[in-house]
There are 2 protein chains.
Amino acid sequence: MTETHVPIPTLERLAIYLRVLLDAHEAGIQTLSSQEIEQHSGISAAQFRKDLSYFGEFGKPGVGYSVPGLIQCIERILRLDAEQPILLVGAGNIGSALVGYPNFQAHRLRIAAVFDNNFVKIGRPFGELVIQDIARIKEVNADIGARIGIIAVPAHAAQEVADLLVEAGVTGILNFAPTILRVPKHVHVRNVSFLQELAVLSYHATEDALCVNGQVTRGGKDGI
Amino acid sequence: MTETHVPIPTLERLAIYLRVLLDAHEAGIQTLSSQEIEQHSGISAAQFRKDLSYFGEFGKPGVGYSVPGLIQCIERILRLDAEQPILLVGAGNIGSALVGYPNFQAHRLRIAAVFDNNFVKIGRPFGELVIQDIARIKEVNADIGARIGIIAVPAHAAQEVADLLVEAGVTGILNFAPTILRVPKHVHVRNVSFLQELAVLSYHATEDALCVNGQVTRGGKDGI
DNA sequence: GCGAGATTGTGAACCGTTTCACAAATCGCG
DNA sequence: CGCGATTTGTGAAACGGTTCACAATCTCGC
Ligand SMILES: NC(=O)c1ccc[n+]([C@@H]2O[C@H](COP(=O)([O-])OP(=O)(O)OC[C@H]3O[C@@H](n4cnc5c(N)ncnc54)[C@H](O)[C@@H]3O)[C@@H](O)[C@H]2O)c1
Ligand SMILES: NC(=O)c1ccc[n+]([C@@H]2O[C@H](COP(=O)([O-])OP(=O)(O)OC[C@H]3O[C@@H](n4cnc5c(N)ncnc54)[C@H](O)[C@@H]3O)[C@@H](O)[C@H]2O)c1
């Protein structure tokens with residue numbers, strides 16, 4: 001284990017391992033080998049061990065991994081060992097699904113405040129929270145200290161909201177709007193795009209050959 | 001352009017290019033160079049050209065790409081040129097956000113039927129649809145012929161629903177439940193996991209060194 | 001205490017994707 | 001028509017992540 005950059009796919013898988021481990025813990029299992037993790041996660045044992053090797057040594061040769069021990073370690077790595085407050089912007093359809101989602105709590109991710117710019121919505125209850133004015137976001141986060149924000153507003157408002165989130169001190173953004181966000185280098189953005197996912201499935205859903213090819217698509221000045 | 005396997009990241013980017021092109025089309029722009037696509041998409045011009053090269057030649061040297069022409073080509077590649085019907089299972093929070101989402105329509109993705117197993121919900125309206133009994137899914141899809149299904153049910157029901165979807169003729173599944181699905185080889189699964197996304201952000205949101213390391217985590221029989 | 005069996009951690013090989021760099025193609029203009 | 005400016009398409013190189021394979025480590029039972 002050297003002090004090296006951790007691949008993002010590794011971090012994503014860490015969250016999967018954590019889920020598997022929590023399930024096992026629930027079931028009263030004390031120890032798991034990388035082989036068994038493979039069974040439950042669909043990720044190869046070698047990959048699992050390599051992933052962990054970025055952070056240290058957590059297993060015992062000949063035995064495997066202590067389930068509660070590894071849970072604690074992965075939680076620490078992912079900063080899920082202490083409560084992680086999150087700002088949600090956009091009290092619409094997506095926002096509504098998110099505030100009520102109980103699984104976040106199990107990972108100590110807590111939506112600590114909801115913001116909108118619609119005066120009709122501001123002040124209304126939203127899950128267990130009350131919708132607040134987006135104009136007050138910086139002020140509110142001075143108390144909360146959230147480092148993660150979720151953008152669930154229409155695409156045309158996303159950049160503006162991203163700027164506000166960054167100004168409020170957020171360094172990680174989960175973006176549901178179909179737009180490329182421009183943010184300072186120190187801010188990490190992850191885009192969630194159902195359309196993209198469905199497009200990939202759409203491509204694979206049909207096996208027929210494509211009708212696009214050289215001589216048809218290239219051509220005269222009427223072009224493609 | 002040889003007949004080769006297309007990387008999944010390429011397909012994902014294709015959906016992004018399509019969005020950029022549709023925006024440009026909306027704005028009345030007739031032609032775009034790979035350089036300009038880079039500006040709008042955040043994806044490098046070289047990457048863009050390489051991505052397209054898997055499918056043919058679509059541009060004119062010295063000019064660029066015809067916006068409407070390329071839109072048509074990418075839509076054909078992604079099978080978004082004809083209406084793509086989709087089955088949604090789970091009339092809950094996520095399902096609710098999806099049925100009302102207008103952007104799907106712009107890509108000819110249409111949620112053609114919604115299913116649930118809750119007798120209280122079956123028969124109720126859901127968006128413009130009526131919630132149907134999951135038990136009838138195969139029968140219903142005999143008419144619809146959808147090849148894509150969305151799983152928006154609790155994790156413990158996801159595998160069972162996946163089996164039903166496959167039996168109903170679906171070859172692509174978008175899975176929102178936090179579980180690994182076992183499906184036949186010809187079926188493609190894409191998982192959407194907000195938890196995973198947030199975990200990655202959580203990791204990056206703090207720059208402090210980890211407290212995990214060799215001598216602490218490895219050790220005596222009290223172990224990790 | 002020791003040998004058999006199990007399992008980890010990791011350098012090295014492998015493989016697929018991204019980036020680079022340039023020849024070939026097209027356009028506009030004099 | 002020809003030349004300079006522009007931009008494409010694509011082999012080849014660079015890069016980064018995954019897989020492999022094995023020495024090192026640990027447990028258990030005798
Ligand atoms: N609903 C879906 O299934 C779905 C799927 C994929 C992507 N998305 C994307 O997610 C985003 C949210 O979708 P939704 O369906 O929840 O939309 P929505 O219209 O239901 O909700 C958007 C909310 O954002 C608020 N808002 C608008 N501008 C704002 C601003 N400047 N500051 C603060 N709040 C503002 C609105 O008042 C509204 O409450 C959109 O970008 C959409 O494209 C949604
Ligand atoms: N809500 C969120 O923000 C969120 C976030 C991430 C992941 N998810 C995941 O998405 C999935 C759906 O979440 P949700 O919040 O919409 O849940 P939900 O409880 O609101 O809705 C689930 C729906 O599925 C139906 N259902 C249950 N078993 C079924 C079966 N066997 N066949 C058909 N229908 C069945 C239920 O009747 C219910 O209507 C869950 O797996 C959840 O973990 C949700």
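Here is how names work: the chains are called A, B, and so on, in the same order as the sequence lines, proteins then strands, and each is numbered from 1.
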So, is Tyr65(B) close to the dG9(D) phosphate, meaning a side-chain N or O under 4.0 Å from OP1 or OP2?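 Answer is yes, contact under 4.0 Å.
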Under-4.0 Å side-chain N/O to phosphate OP1/OP2 contact, Ser53(B) with dG9(D): no
According to salt bridge (Lys or Arg N to Asp or Glu O under 4.0 Å), does anything in residues 192-202 of chain A pair up with another residue at least two apart or in another chain? List the pairs. Glu197(A)-Arg190(B)
Roughly how many Å is it from [atom1] in [X] to [atom2] in [N], rounded to a whole number?
X        : N       : atom1 : atom2 : result
Glu38(B) : dT7(D)  : CD    : C1'   : 14 Å
Phe48(B) : dT19(C) : CZ    : C1'   : 16 Å
Leu52(B) : dT18(C) : CG    : P     : 14 Å
Ile43(A) : dT19(D) : CD1   : P     : 10 Å
Leu70(B) : dT8(D)  : CG    : C1'   : 13 Å
Gln35(B) : dA21(C) : CD    : C1'   : 15 Å
Arg49(A) : dG11(C) : CZ    : P     : 14 Å
Leu11(B) : dT18(C) : CG    : P     : 11 Å

Output all residues satisfying side-chain contact (heavy atoms from CB on, under 4.5 Å) with Val6(B), sequence neighbours left out; order by chain, then residue number. Tyr203(A), Thr10(B), Leu11(B), Tyr54(B), Phe55(B)
Bend of the helix from dG1(C)-dC30(D) to dG30(C)-dC1(D) from end-axis comparison, five pairs per end, nearest 10°, comes to 10°
Taking only heavy atoms on the protein side, list every residue of residues 23-34 of chain B lying under 4.0 Å from any atom of DNA chain D, sorted numerically.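 The answer is Ser33(B), Ser34(B).
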Does any part of the side chain of Arg49(B), heavy atoms only, come nearer than 4.5 Å to the side chain of Ser53(B), both counted from C-beta?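 Side chain of Ser53(B) against side chain of Arg49(B), heavy atoms only: no contact under 4.5 Å found.
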Counting heavy atoms from C-beta on, name the nucleotide in [options] closest to the side chain of [X].
X        : options                   : value
Glu57(B) : dA25(C), dT27(D), dT10(D) : dT10(D)
Lys60(B) : dT27(D), dT8(C), dT26(C)  : dT26(C)
Ser44(A) : dT8(C), dT19(D), dC27(C)  : dT19(D)

Reading nucleotides 12-18 of chain D from 5' to 3' and marking B where a protein heavy atom lies under 4.0 Å of the base, S where only the sugar-phosphate is that close, and - otherwise, the string is B----SS
With Arg182(B) via side chain to side chain donor-acceptor pair (under 3.5 Å) - residues at least two apart: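 Here no residue qualifies.
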By side chain to side chain donor-acceptor pair (under 3.5 Å), which residues pair with Gln72(A), not counting sequence neighbours? none
Atom pairs and distances, side-chain donor-acceptor, residues 161-173 of chain A, under 3.5 Å, sequence neighbours left out:
residue: Asp163(A); atom: OD1; partner: Gln159(A); partner atom: NE2; Å: 2.9
residue: Thr171(A); atom: OG1; partner: Ala205(B); partner atom: O; Å: 3.4

Please report, to 0.1 Å, the donor-acceptor pairs under 3.5 Å made by any side chain of residues 15-24 of chain B, with sequence neighbours excluded.
residue: Tyr17(B); atom: OH; partner: Asp51(B); partner atom: OD2; Å: 2.6
residue: Arg19(B); atom: NE; partner: Pro178(A); partner atom: O; Å: 3.1

I need the full list of ring-ring contact (aromatic ring centres under 6.0 Å, His included) pairs touching residues 69-88 of chain B, with sequence neighbours left out, sorted by first then second residue.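 Sorted pair list comes back empty.
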Listed once per pair and sorted, the ring-ring contact (aromatic ring centres under 6.0 Å, His included) pairs that draw on residues 156-176 of chain A, sequence neighbours left out: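 Output for this query lists Phe176(A)-Phe194(B).
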Give a yes or no on this: more than 12 heavy atoms of other residues, nucleotides or ligands lie within 6.0 Å of atom CD of Glu83(A).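 Count over threshold, so yes.
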For Gly62(A) and for Ala46(A), locate the closest nucleotide of DNA chain D by heavy-atom distance; then report the residue assigned to the nucleotide nearer the 5' terminus. Ala46(A)
Scan for side chain to side chain donor-acceptor pair (under 3.5 Å) pairs involving residues 35-44 of chain A, sequence neighbours excluded, and state none if there are none. Ser33(A)-Glu36(A)
Aromatic rings Phe48(A) and Tyr65(A): how do their planes relate, parallel, tilted or perpendicular, breaks at 30° and 60°? perpendicular
